[in-house]
Amino acid sequence: MKDIERKISELLARMTLDQKIGQIVQPERQFISPEEVKKYHVGSVLSGGGSVPGDNKPEDWIKMNDEYWAASMEEDENHLAIPIIYGVDAIHGNTNVIGSVVFPHNIGLGAADDPDLLERIASVTAKEIAATGVEWTFAPTLAVARNDHWGRTYESYSESPEIVTKYAPRFVKGLQGNYEEDKVIACIKHYIGDGATLHGIDQGDMCITEEELRKIHLPPYKAAIDAGALTVMVSLSSWFGEKCHGHKYLLTDVLKNELGFAGFVISDWDGIDYLDDSYEECAVKALNAGIDMFMITGKWKEFITHVKTNVANGRIPLERLDDAVRRILRVKFEFGMFTKPRPAARKLSLDTSCFGSQEHRAVAREAVRKSLVMLKNEDDILPLSKDARLLVAGKNAHNRGHQCGGFTVAWQGVDDFAESTEKAYIMSDSEKEEPRKTKVKNSAPHRSSIVGGTSIWEGIRAVAPNAELSVDGSGADPDKHEVAIVCIGEVPYAEMLGDVRVEGLAKGLKISKGSTTDDTLSDDDIPVVKKGPYGTHLYLHELHPEDIETIKKITSKGIPVVAVMICGRPLVINRELEESKAFVVAWFPGSEGQGVADVLFGDYDFQGKLSFSWPRYDDENWNVGDNDYNPLFPYGFGLKYKT
Ligand code: BGC
């Protein structure tokens with residue numbers, strides 16, 4: 001440790017002001033070339049969700065990062081060799097990249113309540129990131145989601161800090177290990193209270209006491225930091241109206257001084273923009289509040305100018321800038337970036353065979369099995385016999401894109417059945433000047449972009465030879481089918497576009513600059529991106545009326561239904577539950593749909609238990625421990641075959 005501190009001091013002493021400022025900047029890849037990385041001494045580059053190089057194969061990523069890295073490592077009279085680190089959202093596998101294994105989203109992993117499995121998942125994820133020549137992921141999300149209306153509920157392991165706190169150090173350990181060549185840097189996010197906002201509004205306002213903040217939302221961070229998490233991302237939300245990105249008490253006093261966090265703090269996607277009308281003020285406030293690295297899309301050069309001016313005039317103390325740079329260099333030294341070979345020459349880049357491998361898929365399949373939660377099993381209709389004459393129906397039965405959810409290949413996820421526009425989204429010049437997050441993040445759907453794995457239907461078909469598929473249920477025939485499996489539920493979404501907001505909150509509400517519900521998207525936007533929030537209530541029959549229709553089409557013919565629901569949060573399902581003999585929650589299970597068949601046919605028992613309380617009505621918002629707690633299914637509920 002001492003040795004590292006000495007090396008940092010020596011390097012820092014050689015750095016010019018420009019080199020220091022460049023080190024704290026992280027532009028998005030669409031906005032920066034390798035030449036600019038060198039010219040501006042940039043410390044890091046990222047890919048936003050769905051922002052991908054070339055044909056989006058591991059070799060395209062290796063090539064891209066190799067070029068950025070090489071530029072950062074050139075040494076001459078104007079430039080010091082300091083390796084950049086490249087950051088990606090590998091939040092359920094390295095899922096920006098086509099062909100990666102896709103794990104269940106965190107809500108399903110919370111239901112599995114299996115810390116050993118979680119650590120193995122993190123290890124596999126680290127390998128699949130390292131196999132693309134990348135060294136840093138913005139994961140794990142440590143949100144304790146307290147309101148199911150929030151569009152990011154599925155990124156949360158649980159509504160209770162217990163599971164999140166137990167999981168946090170294990171995921172960090174699985175990703176970072178002892179910094180071996182198949183490990184990557186972790187980034188715990190979004191600090192703090194992203195899951196605590198009023199009405200579950202993404203990037204909204206957290207109105208809770210400090211006592212509650214410390215009791216519910218802080219413990220996972222403490223556990224992850226104690227386990228050595230090297231980086232922390234700030235939440236785009238506010239605490240009683242004050243944005244976390246400018247919150248010196250939370251960032252410096254609590255995170256750095258009290259919890260002893262010695263790594264660096266990164267801002268979220270253009271997150272400092274919301275601190276003031278003047279961008280210069282935004283930069284000053286955020287740096288002085290304690291942010292060390294700045295994730296910026298279009299305005300990164302402007303940011304550099306403002307920091308330079310304000311260090312010169314003393315509004316940003318040089319010691320603060322030095323501290324930020326010192327923290328970034330500390331992470332780079334600790335993780336061994338200065339001695340790592342270039343991305344193209346790293347062990348896993350030279351042999352990418354682990355990427356999307358069967359061995360990795362087996363871990364994901366196990367996770368699917370363990371995450372399923374059975375809510376109902378009347379007359380022990382489950383497990384099903386593999387010889388049964390089965391009908392398989394529902395829009396989510398044979399759609400790997402749907403079952404993977406958001407943050408898979410594209411920011412908003414993909415629809416494997418969609419009429420594809422293969423073209424990637426290309427920004428016009430004016431958009432480049434004033435980029436909007438929803439546009440910059442590439443949401444274009446790709447046909448069959450989930451390569452590898454199985455849909456739920458494919459998993460069933462593999463073991464039950466008499467099964468037939470009829471997505472809308474119209475093929476249901478009591479002479480041919482004894483029982484039907486109907487795969488219902490949500491379709492992919494991410495971030496604010498997944499919010500469920502009651503009327504009045506749905507339109508025109510300024511959450512923060514640039515992320516209002518309606519005006520982020522224009523009519524010519526990519527078709528898969530829905531305008532505004534996901535819906536107005538948590539009722540499944542309102543959000544997706546086609547589901548109850550499909551179920552009824554089948555039950556009206558006297559065929560009993562086993563419902564399997566794909567979802568990122570508990571939904572109000574009273575009607576669908578009533579109409580089905582058995583009901584299984586599969587969350588967003590990811591690419592290995594076979595794991596569902598493993599359990600439905602009884603090769604494995606159910607293990608999953610709700611890590612979120614299940615509501616009877618839209619406006620209940622139960623969380624375990626509440627006074628008069630009375631949900632439809634309590635936290636911890638989950639049926640098994642063997643009682
Ligand atoms: C999200 C982060 C993500 C970042 C980079 C932001 O919009 O809030 O979770 O890591 O984008 O894609």
Side-chain angles (χ1 to χ4, degrees), residues 25-32 44-53 61 85-97 105-106 125 129 134 136-143 145 150-156 171 175 184-195 197 200-204 206 229 231-238 243-245 264-274 291 293-298 300 405-413 435-443 493-499 511-516 520-521 529 568:
V25 178
Q26 184 197 54
E28 211 280 340
R29 60 171 280 281
Q30 297 177 80
F31 296 87
I32 185 160
S44 176
V45 179
L46 91 141
S47 271
S51 169
V52 299
W61 288 81
I85 45 176
Y86 197 95
V88 297
D89 285 312
I91 67 167
H92 63 145
N94 190 10
T95 54
N96 265 323
V97 190
H105 269 299
N106 287 350
T125 304
I129 298 167
V134 167
W136 182 19
T137 176
F138 309 125
T141 302
L142 298 183
W150 188 34
R152 308 190 80 158
T153 300
Y154 65 78
E155 291 184 58
S156 169
F171 205 87
L175 285 181
V184 297
I185 299 166
C187 181
I188 51 179
K189 70 184 189 184
H190 311 81
Y191 181 84
I192 185 174
D194 50 351
T197 60
I201 291 176
D202 190 44
Q203 308 184 13
M206 162 175 71
T231 68
V232 175
M233 188 189 292
V234 187
S235 176
L236 291 163
S237 53
S238 312
K243 283 278 170 197
C244 291
H245 276 72
F264 70 81
V265 174
I266 181 163
S267 58
D268 197 354
W269 190 270
D270 287 333
I272 66 165
D273 292 25
Y274 315 136
I291 295 179
M293 184 182 273
F294 294 80
M295 184 191 288
I296 303 176
T297 58
W300 61 271
F407 285 100
T408 317
V409 181
W411 175 43
Q412 293 295 320
R436 282 174 163 168
K437 162 180 193 157
T438 38
K439 296 222 165 191
V440 179
K441 290 206 171 185
N442 185 354
S443 304
Y493 52 81
E495 300 189 39
M496 72 292 282
L497 295 173
D499 281 2
I511 312 154
S512 50
K513 199 169 28 157
S515 62
T516 52
T520 42
L521 300 169
V529 176

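Indexing begins at 1, ligand by ligand and atom by atom, following the structure's order. The model shown is predicted, which means the values in this text are computed figures rather than measured ones.
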(message) Counting only nitrogen or oxygen atoms and a 3.5 angstrom limit, does Ser47 reach ligand 1?
(response) no
(request) Give a yes/no verdict on whether any heavy atom in Glu155 is under 4.0 Å from an atom of ligand 1. (result) no
(message) Can you name the atoms of ligand 1, numbered from 1 with element, that are less than 4.0 Å from a heavy atom of Phe138?
(response) 10 (O)
(request) Can you see which heavy atom on Gly195 is nearest to which on Ala143, and at what distance? (result) N-CB, 4.4 Å
(message) Taking the side chain as everything from C-beta on, heavy atoms only, tell me whether Trp61 gets closer than 4.5 Å to Val52.
(response) yes
(request) Please examine the side chains of Leu46 and Met295, heavy atoms only from C-beta on, and report whether any two atoms are closer than 4.5 Å. (result) yes
(request) Show which atoms of ligand 1 fall inside a sub-4.0 Å distance from at least one heavy-atom site of Gly49. (result) 12 (O)
(request) Report yes if the side chains of Ile91 and Lys189 come closer than 4.5 Å at any heavy-atom pair, otherwise no. (result) yes
(message) Taking 4.0 angstrom as the limit and counting only heavy atoms of Gly48, give me the atoms of ligand 1 inside it, by number and element.
(response) 12 (O)
(request) For Asp89, take its heavy atoms, then give the atoms of ligand 1 lying under 4.0 Å from any of them. (result) 3 (C), 4 (C), 5 (C), 10 (O), 12 (O)
(request) Return yes if some donor-acceptor pair links the side-chain N/O of Ser44 with the main-chain N/O of Ile85 below 3.5 Å, else return no. (result) yes
(message) For Asp202 versus Asp499, what's the shortest heavy-atom pair and its separation?
(response) N-OD2, 2.8 Å
(request) Enumerate the atoms of ligand 1 whose separation from the nearest heavy atom of Arg152 is less than 4.0 angstrom. (result) 1 (C), 2 (C), 8 (O), 9 (O)
(message) Can you confirm whether the side chains of Trp411 and Glu495 place a donor and an acceptor under 3.5 Å from each other?
(response) yes
(message) Polar contacts were defined as any N/O atom of the residue lying under 3.5 Å from an N/O atom of the ligand; does this apply to Lys189 and ligand 1?
(response) yes
(message) I need the contact type for Gln26 against ligand 1. Using non-hydrogen atoms and a strict under-4.0 Å cut-off, is it side chain, backbone, both or neither?
(response) neither
